[in-house]
Amino acid sequence: MEDTTLVIILMLLLLAGIMYWSLTYFINGNNSVKPIVDNTILDSKNSKPRSFRLGKGMNKVESLAKLSFDQNNGQLFTNTEYLSMGAMNMGYIGNTSWSGVLAILFFMGLYSMSTYIAQPNIYALYGGGGLCLLTGLGITYLIKLKYTESVYEFIRFERKTGLVIFPIGNGDKHFSVGIEDVELYTSKVSSGKGVMHRVAFLAPKKFPKTMWWQKIYTVSFMPRTPESAQILWTEVNHYMDKTKPIPKGFYLNWQQVMEDPESDQELKKSTLTPELYAQAPFYDRKNGKYLDKEFW
């Protein structure tokens with residue numbers, strides 16, 4: 001009997017290991033920024049309006065008609081083709097880190113129920129069954145995350161096409177809307193010990209009909225004040241307006257790329273685009289002045 005029990009334990013541990021590896025690979029495997037294959041704008045036939053309500057603490061940011069000054073914004077990546085806003089989805093990473101524990105607990109529940117066969121014990125049966133049920137719900141939630149969340153939530157604003165491209169699920173697919181169908185919201189959150197800071201979210205006004213789980217997208221920009229959020233959103237909207245030159249607030253970022261000693265020439269060209277690279281310099285860092293140039 002002891003040998004049989006030992007074999008069962010070893011088999012369950014083996015299965016737990018296999019499940020742990022399979023679940024972890026399924027959820028996080030090939031989890032990188034995916035290329036954008038289709039950037040066709042959503043039409044009324046294939047889209048549905050946003051169906052969820054935003055929380056009371058969410059404050060909508062309005063774009064200004066014009067900027068009174070340019071801010072040196074180091075929190076956005078841009079060149080003459082596109083602008084990128086996004087962040088690492090730490091909530092996704094934190095939740096999926098439980099996959100291994102859930103797999104082990106699930107098989108512990110199976111083992112507990114299996115002991116009922118050799119020696120009937122109602123507590124082992126119901127305890128193991130309850131453990132399997134709870135961990136099964138957790139595993140189901142992680143599988144749901146696979147199709148509704150992304151580790152890398154990068155939203156791309158394309159200047160030439162006028163489209164804003166959002167990732168779907170784990171980034172395998174995307175959907176595109178016009179800048180007029182995107183809103184920026186900020187909210188205050190606590191980081192512990194009474195310290196409050198602002199976070200920013202992008203909320204599309206419409207989603208694909210096939211996207212059954214609508215969401216808002218967290219971005220790395222952390223505005224210190226409502227005014228700084230308004231300036232940033234104004235710069236983004238001006239960037240997407242092809243009748244206006246690209247805001248000068250981005251010139252310093254370009255110059256920093258050009259002067260980065262750790263990047264070679266080819267990397268700088270691919271980052272800025274060859275056309276923009278050829279027009280350097282962009283900013284006089286020694287005197288802290290923008291150069292008298294315009295980029296379209």
Side-chain angles (χ1 to χ4, degrees), residues 26-55 58 60-63 75-93 95-96 140-187 199-221 229 232-242 273:
F26 173 74
I27 294 172
N28 296 318
N30 195 25
N31 210 347
S32 57
V33 180
K34 311 295 194 306
I36 297 172
V37 178
D38 182 14
N39 63 345
T40 306
I41 192 170
L42 279 179
D43 54 26
S44 57
K45 181 180 178 181
N46 298 309
S47 65
K48 55 185 176 182
R50 187 172 65 212
S51 59
F52 60 88
R53 292 185 177 182
L54 295 165
M58 303 282 284
K60 183 179 177 181
V61 179
E62 299 289 349
S63 174
Q75 300 191 55
L76 300 178
F77 171 78
T78 181
N79 53 37
T80 54
E81 295 183 355
Y82 68 90
L83 177 151
S84 179
M85 293 180 70
M88 290 284 291
N89 188 348
M90 301 308 296
Y92 179 96
I93 296 172
N95 287 326
T96 55
T140 302
Y141 174 71
L142 294 183
I143 293 174
K144 188 270 294 185
L145 288 181
K146 167 74 175 180
Y147 298 101
T148 59
E149 297 287 343
S150 302
V151 170
Y152 305 100
E153 292 189 326
F154 286 114
I155 297 90
R156 179 169 167 140
F157 293 73
E158 290 194 343
R159 178 172 169 85
K160 292 183 178 180
T161 63
L163 298 178
V164 185
I165 306 173
F166 291 88
I168 298 176
N170 216 9
D172 294 320
K173 297 180 181 179
H174 301 79
F175 71 94
S176 303
V177 296
I179 183 66
E180 67 278 1
D181 287 320
V182 181
E183 296 173 329
L184 179 70
Y185 288 83
T186 62
S187 178
V199 292
F201 309 88
L202 288 173
K205 293 181 181 179
K206 59 183 180 180
F207 294 84
K209 286 184 176 179
T210 55
M211 189 174 175
W212 58 277
W213 188 272
Q214 298 182 1
K215 57 172 288 182
I216 57 176
Y217 293 80
T218 306
V219 294
S220 58
F221 171 65
L232 174 128
W233 191 231
T234 301
E235 285 186 330
V236 172
N237 278 268
H238 284 201
Y239 175 87
M240 294 293 285
D241 187 350
K242 291 187 290 185
T273 72

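For the ring-ring contact (aromatic ring centres under 6.0 Å, His included) test, residues two or more places apart in sequence or in another chain that qualify with F207 are F175. Residues passing the side-chain hydrogen bond (donor to acceptor under 3.5 Å, both in side chains) test with K60, sequence neighbours excluded: E183. Checked against side-chain hydrogen bond (donor to acceptor under 3.5 Å, both in side chains), T140 has no partners two or more places apart in sequence or in another chain. Taking E62 as the reference, nothing meets the side-chain hydrogen bond (donor to acceptor under 3.5 Å, both in side chains) condition, with sequence neighbours excluded. Shown here are the salt bridge (charged side-chain N to carboxylate O under 4.0 Å, His left out) partners of K48, two or more places apart in sequence or in another chain: there are none. Shown here are the side chain to side chain contact (heavy atoms under 4.5 Å, CB included) partners of T273, two or more places apart in sequence or in another chain: N79, T80, E81, E275, L276. In this view, A203 and R50, Y185, I216 satisfy the side chain to side chain contact (heavy atoms under 4.5 Å, CB included) rule, not counting sequence neighbours.
Taking CZ of F166 as the start and CE of M85 as the end, the distance is 9.0 Å to the nearest 0.5 Å. Going from atom NZ of K206 over to atom OG of S51 covers 15.0 Å, rounded to the nearest 0.5 Å.
Under the side-chain contact (heavy atoms from CB on, under 4.5 Å) rule, Y82 has a single partner from M240, R156, K160, which is R156.
The minimum heavy-atom distance linking P208 with I168 is given by the pair CG-CD1, 4.1 Å. The heavy-atom pair separating V61 from W233 by the smallest distance is O-CD1, 3.5 Å. A pairwise comparison of heavy atoms in M58 and S187 identifies SD-CB, 3.7 Å as the closest pair. Contact record, A229 with L184: O-CD2, 4.1 Å, taken as the closest heavy-atom pair.
Inter-residue side-chain proximity for E158 and I165 is flagged as met; some heavy-atom pair is nearer than 4.5 Å. Side-chain contact between H174 and L163 is absent, with no heavy-atom pair separated by less than 4.5 Å.
Side-chain rings of F157 and Y239 stay apart, their centers remaining 6.0 Å or farther from each other.
A donor-acceptor contact shorter than 3.5 Å links the side chain of Y217 to the backbone of P167.
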